[in-house]
Asks: 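I'd like to ask some things about the structure below.
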Amino acid sequence: MSDTSHSAPRPVSLVTILALFVCLGLVYLALRYTYLRHSEAAVYNIPAENMSKDDAWQATPDSRLQYLHELRAKHEAQLGAYGWVDQKNGVVQIPIDRAMELTVQHYGSQSSPK
């Protein structure tokens with residue numbers, strides 16, 4: 001006894017095909033994002049002596065910390081020093097304390113509106 005009544009196969013709907021492509025695209029993006037994230041981090045695993053001078057400070061946590069300390073020391077020195085910023089245009093830097101005094105004198109000498 002064989003069953004001879006077979007139903008015809010149903011056609012696959014367009015929505016199903018689109019959903020399948022969307023799912024495959026999401027998997028592709030997830031894998032690509034994961035791969036790129038690891039490959040970008042690998043750039044900083046290069047020894048500092050093999051990196052360009054501009055990127056060498058990013059090589060290790062110690063080099064980043066040293067760069068930060070040097071940058072802060074440079075900025076601290078600038079806060080307390082006189083010097084030219086742009087001599088051609090007459091722009092100078094003055095110590096921050098003196099700049100605050102001059103600002104107070106300038107705005108303190110103006111009469112307040114009544």
Side-chain angles (χ1 to χ4, degrees):
M1 300 208 206
S2 65
D3 187 33
T4 58
S5 62
H6 292 288
S7 61
R10 295 186 318 170
V12 178
S13 72
L14 183 60
V15 174
T16 304
I17 294 172
L18 289 176
L20 181 63
F21 279 115
V22 168
C23 289
L24 288 174
L26 290 174
V27 169
Y28 170 77
L29 289 175
L31 291 174
R32 183 171 169 86
Y33 173 74
T34 303
Y35 172 75
L36 284 178
R37 204 167 108 198
H38 292 297
S39 66
E40 288 173 359
V43 171
Y44 300 114
N45 293 331
I46 299 170
E49 57 272 5
N50 294 341
M51 296 180 80
S52 71
K53 189 174 182 178
D54 292 334
D55 294 333
W57 68 272
Q58 299 176 6
T60 63
D62 291 334
S63 64
R64 288 190 294 269
L65 188 60
Q66 179 184 357
Y67 179 78
L68 179 62
H69 287 307
E70 291 170 1
L71 189 62
R72 285 184 178 164
K74 177 184 166 189
H75 289 164
E76 286 292 327
Q78 284 179 336
L79 283 175
Y82 289 93
W84 286 104
V85 174
D86 186 359
Q87 191 169 6
K88 180 181 175 184
N89 292 324
V91 179
V92 296
Q93 74 178 30
I94 61 174
I96 189 74
D97 294 333
R98 181 67 179 139
M100 289 189 287
E101 288 173 10
L102 291 172
T103 303
V104 168
Q105 286 176 3
H106 176 73
Y107 288 106
S109 66
Q110 293 179 355
S111 60
S112 60
K114 293 185 181 186

Asks: Just to verify, what does Glu70 make a salt bridge (charged side-chain N to carboxylate O under 4.0 Å, His left out) with, not counting sequence neighbours?
Replies: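 For Glu70, no residue satisfies salt bridge (charged side-chain N to carboxylate O under 4.0 Å, His left out) once neighbours in sequence are set aside.
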Asks: Who pairs with Ile96 by side chain to side chain contact (heavy atoms under 4.5 Å, CB included), at least two apart in sequence or on another chain?
Replies: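 Only Leu79, Met100 meet the side chain to side chain contact (heavy atoms under 4.5 Å, CB included) criterion with Ile96.
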Asks: With a 3.5 Å cut-off and sequence neighbours excluded, list the donor-acceptor pairs that the side chains of residues 11-27 form with protein atoms.
Replies:
residue : atom : partner : partner atom : Å
Ser13   : OG   : Thr16   : N            : 3.3
Ser13   : OG   : Thr16   : OG1          : 2.8

Asks: For residues 81-89, please give each side-chain donor-acceptor pair under 3.5 Å, one per line with the distance, not counting sequence neighbours.
Replies:
residue : atom : partner : partner atom : Å
Asp86   : OD1  : Lys88   : N            : 3.4
Asp86   : OD2  : Asn89   : ND2          : 2.6

Asks: Say you draw a straight line from CG of Leu29 to OG1 of Thr34; how long is it, rounded to the nearest 0.5 Å?
Replies: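 So the CG of Leu29 and the OG1 of Thr34 are separated by 10.5 Å.
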Asks: Is the count of non-hydrogen atoms from other residues, nucleotides or ligands lying under 6.0 Å from Gln105 atom CD greater than 12?
Replies: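 Correct, the count exceeds 12.
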Asks: Which residues pass the side chain to side chain contact (heavy atoms under 4.5 Å, CB included) test with Gln78, not counting sequence neighbours?
Replies: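 Once residues adjacent in sequence are excluded, the partners of Gln78 under the side chain to side chain contact (heavy atoms under 4.5 Å, CB included) criterion are Lys74, His75, Gln93.
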Asks: Output the distance between atom CD (Gln66) and atom CG (Leu71), rounded to the nearest 0.5 Å.
Replies: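 Output value for this atom pair is 12.5 Å.
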